Structure formats: structure tokens, C-alpha cells
There are 2 protein chains.
Amino acid sequence: MTPSSASTAQASNNDFYAAHDKLYVATDCIIFGFDDGDLKLLIFKRRVEPDSGIWSLIGSFVKIDEDVDEAARRVLKEITGLEEIYLEQSKTYGKAERDPGYRCISVAHYALMRINDHDRELTQSHGAFWYTLQELPQLALDHQDMVRDALDKLRRRARYQPIGFELLPEKFTIPQLQKLYESIYQRELDPRNFRKKVLSLKVLVKLDEKDKSGSKRGAYLYRFDSEKYQELLESGYNFEI
Amino acid sequence: MTPSSASTAQASNNDFYAAHDKLYVATDCIIFGFDDGDLKLLIFKRRVEPDSGIWSLIGSFVKIDEDVDEAARRVLKEITGLEEIYLEQSKTYGKAERDPGYRCISVAHYALMRINDHDRELTQSHGAFWYTLQELPQLALDHQDMVRDALDKLRRRARYQPIGFELLPEKFTIPQLQKLYESIYQRELDPRNFRKKVLSLKVLVKLDEKDKSGSKRGAYLYRFDSEKYQELLESGYNFEI
DNA sequence: ACAAAAGTGTTAGTTATACACCCATGC
DNA sequence: GCATGGGTGTATAACTAACACTTTTGT
């Protein structure tokens, strides 16, 4: 915080804090996954009022002694069993009336995960399911806005930082990578130009292995070389897709 | 919020809220201005503990019935007397230990203003002063991080949205606009290429007036045509500098 | 043999960069 | 008349976008 409002600056320090309001602070997670050629969101059926029974994002209150991003990681672990998930703060939703139950602000975070990695039974036991953006049902409260804003941020960021790889398995083919970007940006890309571009970035390592799940002929697998990426960054390189 | 943590979802609704913690929520403003060819920040000397006497950003606690961005606008009005200021949310700072005085999270906002517009006496009566980024003293708490992050966001946004004009007077010259971008990006730009680029965007209107403050010859004044900009946006145009 | 996806190169258009001189004016 | 900043054009390089056919293999 910054207890520095000019109008209260003269108050003694104890009064200064005591004279102010405390609010509930929550975090909600927009969890993106990629599977079957589609970008998906993990959502679940809300079990508390208001909007009980409505689909919603996964969230939790922030505890008094807990970092806000720690709260988001706690939620992610509870629902997916995973600890090492890519997590970014998205935006804070602070309208006084946003939650009719109580005054509560929410710091939204978006997470990127490999769908196969996580414990499907765990998510299902929480009533959580993966939905494509197209199939997404109406969501509780202002969660629709949260999804829209997070998607917007994901799109911007994916263009300049190699975060797409967080959504793919360690080993992936160029056509899979292309499908990922197509589903993030919801438009088709030219396979020749796409391949040329990503390979020109010099951060993909071609493996001696093929993935035959997508075609009879099979496609070569690649992996993202994060050491190489770090090196290049230090010598003033710009990732851009 | 989203009271949807799986572990607490079974509790009755009253218990559900009551069992959680409330926190102080503040907002801090990174106020950018442009004057004398330099990008500046409005900061002031803190008058409460912790860090009393240290330079800091301007902030305030969010009231229980107040939108978070409303709190930021309230602070801006108190300190500058202005109501119509460009304001964007920057980022939320939620480390448990960020303020040694009390558990408090802060939703930082950045504001862009025309320095001449505002009441200089009002800001001075609050002990607030404009500093260039180079001259900036050490700031209280995590305000240094807030400045760095806000500047980062400003840089990204200024490239793709015409927000630079919020920092200039209504009428400005091309060399002034160039100096603004140079001070945002901290690098020199070629005057011929710069002029070509901004004029090609088709959103500047040349006026029949010259500004002679910068040179004997004087430079033509322009204004930003926001109607034209809106029109162009709707026909799929991309502003980019 | 054929269907289905993987893989490959070239060209044209657009955009970015680099660069040097004349202009108008106040002193 | 000279110092100061304002204003203009061109050539090259880099990048983007459009586009069609051959390869491999399972059935």
C-alpha cells in the first residue's frame, strides 16, 4: 500500500491505519490448456452463493500472511496437483459492486499448462472441466470479462515471448505448434511461412524422432531450447512470432 | 472475488465468507508528465510511517464502497485538482511483506497528464514535485518496482495506442512529439523517418499556426484527430509508432 | 493407388533504415 | 550574415505475404 493520501497524512500513524477499511481479496485463475488442436479453459461449477451452480473460474481468498501470487499457486495446486505452472498476473477487478455477496476485489491470474500433465481425476473430483473458447458457457460474476482480458494478454504476450511452449508437451511438431498459434489467434497461418519464421528464431532443436499421431508419414519432433533462448536474449535478440 | 476454492466449497455461505481474512487495499499512482523535453514523474515526501520522510508515489486506501479505480481518481484529483486524467491499471503488488506497517496490497495505476494543465500550487502544497526519470531519488517501499513496471507498460502501450497525446498540449509540433517519444524510449529518432511515420498514420491535423518557442523559424502546430482515429480503428487500422 | 498430412522456395510488395542538404527567422 | 532548429527525398535492406507442388506412408 501507500498510506500517503494527502488528506490523511497528518493523522497519527495508528489512527491512520485504523481509520481505513479492510476488504476481502481473492484471486481467480484463468487456466489455459491446449489439447486436440484447441485452446481450452479449465472451469468448474460454483458451489457457493452468489451464482451457485453457475460455471466459474477457479479462485480463492488471499490469506492474511500469503502473497497474492502464492494464493493463485495454491489454487492451481489444489485443482490440478501441479506446482510448476506458468503463472502471470492478469488484472485486478475492483468494482465495488462486482460481487453481490460481499465487497471483494479479485486479482486475476492466467496460467498455462500442458493438459496431459495434470491429474484428470483430481480436476474431475472438483467438478472441473476443459472447454474450448467456442463452447464456453456463461460464467459467474465478472468472470466473462476476466477471460476476455486474460485472452487478450495471452495473445499480446505470446507474440513476443516464447510462452506458447508452456502449453505444448516437451516434444512437439511444427504443425502442432502452428495449430497452437492458430488457436490462440483464431486465424489460419500459412504453413510455409510459419515454419520459416519459427525456425529462423533459432530456438528450436530438431530431434531424431517422429510423431506419427497426426499423419501416416509422421512429423519430426522438436524441443524448445531455453538455454539458447536465454543466450540470445542477452545478446539483444527479439523473439517474435 | 471468487469464493470457489475447492477446500472450502462445502462450508455454508456465511461461514464461507466469515472464515476468511480481510486486507487493506491501497492504490498508488505513477503520474507521468512531459515538460521541457523530458518525461517526468510526480512524487512527494511521505508523511507517515513506515518510511516517513522518504520520497514516494501518491496513494490512498481503497474505501469499502469505492471502486478501486475510483480511489485512484480521487487521489489524482486531490493532488492535481484534475478530474479528466488518462488512467490505466498497471499491476497489483501483493507480497505479504511488502509494507512492514501492515498487511496491505496495492493496485498500482499509471496516469498521463499535461503538466501545464494542473494546479502547481496544489501539488506543491502537498509537497509534490516533478522529477525526471534520471533524477528520481530512492522511493519508499516497493515504489521503485512500481515505477519500473509502469514505465514498461507505458512503453509497450505507447507503441500501439495514441496515448502519447495525453502528455502533450492540445496543439503540438512534430519536433515536440518526437522529443516525447525519444524521452519515453530513451533513444534518439531520425527526424525525417519520424515525421514520415507519424504523418502516414493520418491522425494528425496540421493547423495554420506556428509555435515559435522552440526556434526562430517556428514549427507548425498539429492536433490529434480522435474522431478520425476512431473511424480508422473501425475499418481495421493499426496505430503503430 | 489413393488419401492425408509433411515438407519445401520463389517472387512481389511493403516497410524500415540510413543518410545530407536547404529553409526561415531572430539576433 | 550567421546560428538555430524546421523541414524535405531517395536508395537499400529487411521483412511479410502470397502462392503450388512433391514426399511419405498406412490403408
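Quick note: numbers below take in every heavy atom, side chains included, and nothing from hydrogens, waters or symmetry partners. Quick caveat, the model's predicted, so the values are computed rather than measured.
Applying the 6.0 Å contact sphere to NZ of A:Lys210 captures more than 12 heavy atoms from other residues, nucleotides or ligands. At most 12 non-hydrogen atoms from other residues, nucleotides or ligands lie less than 6.0 angstrom from CZ of B:Arg156.
Two residues, A:Gly214 and A:Lys206, neighbour DNA chain C, and the one matched to the more 5' nucleotide by heavy-atom proximity is A:Gly214.
Listed by chain and number, the residues in a side-chain contact (heavy atoms from CB on, under 4.5 Å) with B:Gln124 are B:Phe129 (sequence neighbours excluded). A search for ring-ring contact (aromatic ring centres under 6.0 Å, His included) contacts involving B:Phe165 returns B:Phe172, B:Phe224, not counting sequence neighbours.
For the pair B:Ile174 CD1 and D:dT8 C1', the computed distance is 13 Å after rounding to whole Å. Protein atom NZ of B:Lys197 is 10 Å distant from nucleotide atom C1' of C:dT17, rounded to whole Å. Remark: P of C:dG9 and CZ of A:Phe194 are 18 Å apart, rounded to the nearest angstrom. Regarding A:Leu221, its CG atom lies at a distance of 10 Å from the P atom of C:dG7, rounded to whole Å. Rounded to a whole Å, the CG atom of B:Leu199 is 15 Å from the P atom of C:dA16. One interatomic measurement links the two molecules: CG of B:Asp211 to P of C:dG26, which rounds to 13 Å at whole-angstrom precision. Separating the CD atom of A:Glu240 from the C1' atom of D:dA14 is a distance of 13 Å, rounded to the nearest angstrom. Rounded to whole angstrom, the span from the OH atom of A:Tyr222 across to the P atom of C:dG7 amounts to 6 Å.
Listed by residue number, there are no residues of residues 175-189 of chain B with a heavy-atom contact under 4.0 Å to DNA chain C.
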Discussion item. One character per nucleotide, please: for nucleotides 18-27 of chain D, 5' to 3', B when the base has a protein heavy atom closer than 4.0 Å, S when only the sugar-phosphate does, - otherwise.
Written reply: BBB--BBBB-
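Within the structure, every pair that satisfies the salt bridge (Lys or Arg N to Asp or Glu O under 4.0 Å) test and touches residues 82-93 of chain A, not counting sequence neighbours, is listed here: A:Lys77-A:Glu83, A:Glu88-A:Arg157, A:Lys91-A:Asp149. Contacts classified as side chain to side chain donor-acceptor pair (under 3.5 Å) and involving residues 170-187 of chain A (residues at least two apart or in different chains) are given here: A:Gln134-A:Gln186, A:Lys171-A:Glu209, A:Gln178-A:Glu182. Every pair passing side chain to side chain donor-acceptor pair (under 3.5 Å) that includes a residue from residues 213-227 of chain A is listed here, sequence neighbours excluded: A:Asp211-A:Ser213. The side chain to side chain donor-acceptor pair (under 3.5 Å) analysis of residues 188-200 of chain A, with sequence neighbours excluded, yields the pairs A:Asp190-A:Arg192, A:Asn193-A:Lys196.
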Under 3.5 Å, which donor-acceptor pairs link side chains of residues 230-241 of chain A to any protein atom two or more places apart or in another chain?
unit_1: A:Ser235; atom_1: OG; unit_2: A:Glu231; atom_2: O; d: 3.3
unit_1: A:Ser235; atom_1: OG; unit_2: A:Leu232; atom_2: O; d: 3.1
unit_1: A:Tyr237; atom_1: OH; unit_2: A:Leu201; atom_2: O; d: 3.0

